[in-house]
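Remarks on the structure that follows.
Only a predicted model underlies this, so the values are computations on that prediction, with no experimental measurement involved.
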Amino acid sequence: MSKLRCVIERITYQNPENGYSVMKVNVKGYKDLVTLVGNLLDVPVGSVLLCDGDWKVDKKYGSQFVAETWEEVMPATLYGIEKYLGSGLVKGIGPTYAKLIVNQFGLDTIDVIETEIERLYEVPGIGKKRVEKIRESWEKQKEIKNVMLFLQGYGVSTAFAAKIFREYGKESIDKVNENPYRLADDIWGIGFKTADTIAAKMGYGKNDLRRCRSGILYTLNQLSNDGHVYAEEEQLVKSAKELLEAEEEPIRQALRDMIQAEDVVLDEEAIYLPPFYYSECGTANRLLALLDSSDNTLFKAECDITAISRRTGVEYDEVQIAAIRQAILSKVMVLTGGPGTGKTTTTQGIIAALQTAGLKILLAAPTGRAAKRMSEATGMEAKTIHRLLKFSPAEGYKRNDENPLEGDALIVDECSMIDIVLMNSLMKAIPNHMRLILVGDVDQLPSVGAGNVLRDIIDSGKIPVVRLTRIFRQAQTSRIVMSAHAINQGRFPDISNGKATDFFFMQSDDPVQVSETIVSLVRERLPKAYHLETSKIQVLTPMQRGIIGATNLNLALQDALNPNKIGLVRGGFSFRQGDRVMQIRNNYDKDVFNGDLGYVSEVNMEERTLTADFDGKPVEYEASELDELTLAYATTIHKSQGSEYPIVVMPVLMNHYVMLQRNLIYTGVTRAKKICVLIGSTKALAYAIHNMTVLKRNTKLKERLNPSVGQKAYAIPMESDIPMAAEKEVPYAKK
């Protein structure tokens with residue numbers, strides 16, 4: 001093996017799933033930057049690494065140093081010290097002040113900060129306030145130095161070490177020594193694989209029960225990320241065995257111990273993580289209790305549809321009238337239908353009927369954007385479910401079974417997005433006298449989170465359902481609406497294009513050409529044709545990976561749309577002022593949630609912080625928290641649920657054949673309000689339209705509501721279920 005000491009200049013590619021990274025590094029004695037590859041996830045720009053590995057020559061990318069092992073070390077050169085201080089590890093010192101300080105003190109810089117920090121006043125522009133900030137940050141760094149050194153001995157990066165210290169403080173070393181697998185339980189961003197790598201270096205064997213326990217939890221969490229509420233016992237043991245490469249008996253023993261300790265719940269053949277078990281049971285119990293409750297507010301008389309029509313200015317058809325009457329007569333009902341079928345006007349009629357009866361009505365939706373659209377359509381205040389339930393990070397949901405909602409009726413829109421945990425929280429807060437109307441398009445994709453709530457409620461046969469199917473005349477003029485219904489019915493849409501249409505199809509079989517065309521459409525052609533800002537155009541794609549996946553398209557679109565080169569780097573992305581971003585985890589402390597869209601309003605390179613604006617709400621992130629964000633010029637169709645965009649551009653190629661499902665394409669098309677542009681092959685579009693082969697989500701809500709119903713498979717696979725299509729995965733290279 002060879003040794004390589006280097007300073008990280010930039011990160012050109014990272015795979016967040018396995019840590020594989022491609023970096024450009026500065027090496028003493030080399031005129032040009034050297035390419036470094038290996039599992040180096042979360043090592044920040046500016047870090048000094050000492051790597052063990054070998055040189056190799058790649059046919060396509062040339063000479064590379066492949067790191068087998070690495071450790072971070074203190075810098076020993078002027079350049080390294082400057083990069084280190086400017087990396088954001090020390091508050092108050094950004095790239096500008098790092099350069100000034102190193103110019104002043106040279107190789108003595110670290111010693112000066114360590115022992116004679118008052119000498120920083122000798123640096124032009126540094127005042128008392130900044131010196132105090134540097135002193136405080138440096139002392140904190142000294143406090144965690146032993147923790148850092150200990151963790152780096154097991155291959156833990158600085159970024160992860162900072163997260164561990166933030167969680168455990170001075171107890172970090174003891175906690176990790178006691179059980180490194182607890183890192184995967186306690187710290188978001190540190191998964192089983194990272195913890196397992198640390199544990200292996202600490203001498204943990206493959207059959208260690210603590211390792212088996214962590215592997216089982218990891219497997220259950222992966223299944224929940226793919227929409228499953230539980231795992232069948234044999235399925236779980238088999239998956240955990242493949243993951244752990246361990247013997248079956250210790251895995252079964254660990255599972256028995258976990259059931260006894262109530263770390264998981266066994267229900268017949270199903271193994272649940274406790275939050276999902278209690279959420280599924282709680283949702284079913286509350287829905288049944290609501291159905292069974294009776295009180296004086298239920299109407300026995302027919303509603304006056306003529307008066308309601310006068311009030312809303314809408315003439316309702318027979319199915320809409322039936323929906324309005326059902327809402328009046330039922331404690332719980334579902335209203336479903338596709339675009340242009342009158343869900344919004346029917347909801348307005350339901351509201352008018354309930355208001356005529358003197359009932360107090362509450363409106364809610366899963367996301368801020370969906371709630372805003374609901375408010376605009378009804379003229380009433382609609383809240384997100386979290387806001388309706390008065391969620392706070394410290395206390396959880398203030399509206400619950402002990403402090404229920406105040407009102408007579410609750411109408412919830414975009415219910416296809418609601419996962420089982422959120423549904424349970426909502427049901428807890430609904431008092432017995434309140435009626436519940438669930439509105440949504442059941443043919444869209446199911447929720448990003450675990451469960452298939454709307455579909456299960458409908459399929460249970462226990463709750464009244466009204467399905468709107470008639471496409472109204474005004475909607476029939478929209479090719480987007482007509483194409484969506486054609487796709488949903490298994491028919492190929494009209495792709496004749498033309499100036500008068502709002503639905504276009506551009507033929508291309510080449511992923512590279514499609515990627516370049518998407519950039520051209522978003523940057524120039526569509527804004528010019530429709531006089532819209534580029535921020536009104538959203539690229540939706542079936543997958544994260546590949547040339548036309550969200551990751552690669554985001555990098556290409558960022559280069560094309562945001563020339564600002566100053567930004568914070570994390571996970572292979574540079575987050576720059578003006579970038580469109582998406583939150584990818586629920587963060588209750590910051591009050592932002594998985595799928596929330598915003599833009600970067602400020603980047604502070606000195607403090608190494610970033611502020612993102614989410615619909616007028618500023619949220620600050622430290623550099624170590626940026627793994628909660630991703631660029632959002634392009635997003636997966638899954639992540640677009642509940643959102644609408646003036647213009648949608650969507651690639652449809654056989655490269656993503658494993659994700660091409662009818663309801664995926666249907667969901668993508670129905671996100672477009674004014675213009676929808678599909679780019680790809682007719683073969684891929686036809687394949688998607690006719691592909692109804694889907695993977696079942698493991699849920700029991702339907703059976704808990706009505707034990708007599710059988711199970712059906714409706715949900716589609718998520719990316720982690722499937723292999724990559726036949727397209728070579730390569731780091732993004734600017735064309």
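Residues D559 and R576 are paired through a salt bridge, judged by an N-O separation under 4.0 Å between the basic side chain and the carboxylate. The pair R585-E628 meets the salt-bridge criterion, with a side-chain N (NZ, NE, NH1 or NH2) lying under 4.0 Å from an Asp/Glu carboxylate O. Taking the charged nitrogens against the carboxylate oxygens, K674 and D502 have no contact shorter than 4.0 Å, which rules out a salt bridge.
Atom CD1 of I665 and atom CD of Q661 lie 9.5 Å apart (nearest 0.5 Å). For the atom pair CG (L454) and CG (L438), the distance works out to 7.0 Å, reported to the nearest 0.5 Å. Here the straight-line distance linking atom CG of D579 with atom CG of L568 works out to 11.0 Å at 0.5 Å rounding. The CG atom of L436 sits 7.0 Å away from the CG atom of L287 when rounded to the nearest 0.5 Å. Atom-to-atom distance recorded for Y397:OH and I385:CD1 is 8.5 Å, nearest 0.5 angstrom. Here the CZ atom belonging to R697 is positioned 10.0 Å from the CG atom belonging to D456, to the nearest 0.5 angstrom.
Using cut-offs of 30° and 60° on the angle between ring planes, the pair F593 and H386 is parallel.
The minimum heavy-atom distance linking A365 with A371 is given by the pair CB-N, 3.6 Å. Across all their heavy atoms, I495 and F503 have their closest contact at CG2-CE2, 4.1 Å. Across all their heavy atoms, I351 and M380 have their closest contact at CG2-SD, 3.6 Å. Here the shortest heavy-atom pairing between V669 and A484 reads CG1-CB, 4.1 Å. Annotation for M333 and I463: closest pair CA-CG2, 4.0 Å, computed over non-hydrogen atoms. Taking each heavy atom of T341 and G338 in turn, the nearest pair found is OG1-O, 2.6 Å.
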Distance-only donor-acceptor hits, side chain of residues 523-539, under 3.5 Å, sequence neighbours excluded:
unit_1 : atom_1 : unit_2 : atom_2 : d
E533   : OE1    : S535   : OG     : 3.3
Q538   : OE1    : R580   : NH1    : 3.0
Q538   : NE2    : A632   : O      : 3.1
Q538   : NE2    : Y633   : O      : 3.1

Let me have the donor-acceptor pairs involving side chains of residues 413-423, under 3.5 Å, with sequence neighbours excluded, atom names and distances please.
unit_1 : atom_1 : unit_2 : atom_2 : d
E414   : OE2    : R373   : NH2    : 2.8
D419   : OD1    : V421   : N      : 3.1
D419   : OD1    : L422   : N      : 2.9

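Between the S279 side chain and the F276 main chain, no donor and acceptor come within less than 3.5 Å of each other. R479 places a side-chain N or O within 3.5 Å of a backbone atom of D494 that can act as its donor or acceptor partner. Looking at N604, its side chain never comes within 3.5 Å of a backbone N or O of T609 through a donor-acceptor pair. Side chain of T346 to main chain of G342: a donor-acceptor pair is present (N/O by atom type, distance under 3.5 Å, no hydrogens or angles). Here the side chain of S601 pairs a donor or acceptor atom with the backbone of T611 at under 3.5 angstrom. Counting only distance, with no hydrogens or angles, the side chain of R455 and the backbone of P446 share no donor-acceptor pair below 3.5 Å.
By the 6.0 Å contact criterion, NZ on K372 is open, its count of non-hydrogen atoms from other residues, nucleotides or ligands being 12 or less. More than 12 non-hydrogen atoms from other residues, nucleotides or ligands lie less than 6.0 angstrom from NZ of K383.
For the residue pair T551 / Q544, a side-chain donor-acceptor distance below 3.5 Å is found, with atom types taken as modelled. Counting only N and O atoms by type, the side chains of Q444 and T667 include no donor and acceptor under 3.5 Å apart. Side-chain atoms of Y666 and Q489 form no donor-acceptor pair, as typed in the model, at a separation below 3.5 Å.
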Give the intermediate values and the outcome of side-chain contact (heavy atoms from CB on, under 4.5 Å) for residues L631 and F575. CA-CA 8 Å; L631 295 177; F575 294 96; 4.0 Å; yes
Starting from the C-alpha separation in whole Å, work towards a yes-or-no answer on side chain to side chain donor-acceptor pair (under 3.5 Å) for Q320 and T345. CA-CA 9 Å; Q320 291 178 303; T345 53; 3.2 Å; yes
Determine, stepwise, if the pair Y316 / V314 fulfils side-chain contact (heavy atoms from CB on, under 4.5 Å). CA-CA 6 Å; Y316 296 101; V314 176; 3.6 Å; yes
May I have the step-by-step check of side-chain contact (heavy atoms from CB on, under 4.5 Å) for T636 and L540, ending in yes or no? CA-CA 5 Å; T636 62; L540 302 179; over 6 Å; no
I679 and I518: CA distance, side-chain angles, deciding distance, side-chain contact (heavy atoms from CB on, under 4.5 Å) verdict: CA-CA 8 Å; I679 309 173; I518 288 172; 3.6 Å; yes
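Here Q326 pairs with S330 under the side chain to side chain donor-acceptor pair (under 3.5 Å) rule; sequence neighbours left out. Annotation: side chain to side chain donor-acceptor pair (under 3.5 Å) contacts of R467 (sequence neighbours excluded): D443. Every residue two or more places apart in sequence or in another chain that forms a side chain to side chain donor-acceptor pair (under 3.5 Å) with R399 is listed here: N403.
If you run salt bridge (Lys or Arg N to Asp or Glu O under 4.0 Å) between K590 and each of E620, E622, E625, only E625 comes through.
For residues 421-430, the set of pairs meeting the salt bridge (charged side-chain N to carboxylate O under 4.0 Å, His left out) definition, not counting sequence neighbours, is empty.
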